[in-house]
Protein chains: 2
Amino acid sequence: MLVLITYDVNTEDPAGRKRLRQIARQCTNYGQRVQNSVFECLLDTAQCKLLQAKLISIMNPEKDSMRFYYLGKHYEQKIEHFGCKPSYMPEDPLIL
Amino acid sequence: MLVLITYDVNTEDPAGRKRLRQIARQCTNYGQRVQNSVFECLLDTAQCKLLQAKLISIMNPEKDSMRFYYLGKHYEQKIEHFGCKPSYMPEDPLIL
């Protein structure tokens, strides 16, 4: 299933930037960073629980917030993109 | 239906901060700002098209990106929140 993870942290603070880098590193093991603080991950239920636990251990719950949106398996028609970054689907190959 | 709108802009730039304020003002007519650049809006199809057109006219397509996620009508079980801001559902009354 596609899980959208949005992470809110004040990146003016170096510790916040570090946490965002750590969050991004974990999320990009399972998907892609589509915006600065938005990650789309393809996960099964077990992976989702594991990733949640990792991210919760990184975040500062007094300063940061994190939201998970469960978009299911048929997400292709549920996403639209506008603006400067190219649109892609999470199953597309990642071009580096 | 619930539409999640994520907006990516460099807010270190005053013009970017202004665009983000304008985007937020439009989105909060239909829903709530749940994170700095994440908005949850309850929209029908016509409202969605209208809001999209407004936001596209505000954004700078060479610098910003915007993604729309369509979560449908039964979104209550599709959202989980962790961290510092209280969880809420878009249909809950807004406490100011």
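The chains referred to below are lettered A, B, ... by the order of the sequence lines, with proteins before strands, and numbering in each begins at 1.
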query: A:L43, A:L71: one ILVMFWY side-chain cluster at the under-4.5 Å cut-off?
result: no

message: Membership question, hydrophobic clusters at under 4.5 Å side-chain separation (ILVMFWY): are B:Y75 and A:I5 in the same one?
response: no

message: Is the shortest side-chain heavy-atom distance between B:V38 and A:R67 below 4.5 Å?
response: no

query: Taking a hydrophobic cluster as the set of Ile, Leu, Val, Met, Phe, Trp and Tyr residues connected by side-chain heavy atoms closer than 4.5 Å, whether directly or through intermediates, do B:V3 and B:Y7 fall within one such cluster?
result: yes

- request: Sequence neighbours left out, what passes side chain to side chain donor-acceptor pair (under 3.5 Å) with A:Q35? Give chain and number order.
  value: B:T6, B:S65

More than 12 heavy atoms from other groups under 6.0 Å of NZ on B:K78: yes

- request: Find the distance between OG (A:S37) and CG (B:N36) and round it off to the nearest 0.5 Å.
  value: 8.0 Å

query: Within residues 46-59 of chain B, which positions have a heavy-atom distance to chain A below 4.5 Å?
result: B:Q52, B:I56, B:M59

message: Hydrophobic clustering (ILVMFWY, side-chain heavy atoms < 4.5 Å, transitive) - are A:L42 and A:V34 grouped together?
response: yes

- request: Write out all pairs satisfying ring pair (Phe, Tyr, Trp, His ring centres under 6.0 Å) with one or both partners inside residues 14-71 of chain A, taking only residues at least two apart or from two chains.
  value: A:F68-B:F82

Proximity of residues 15-24 of chain A to chain B, residues having a non-hydrogen atom under 4.5 angstrom: none

task: Look up atom SG in A:C84 and atom CG in B:D8, then write down how far apart they are to the nearest 0.5 Å.
output: 7.0 Å

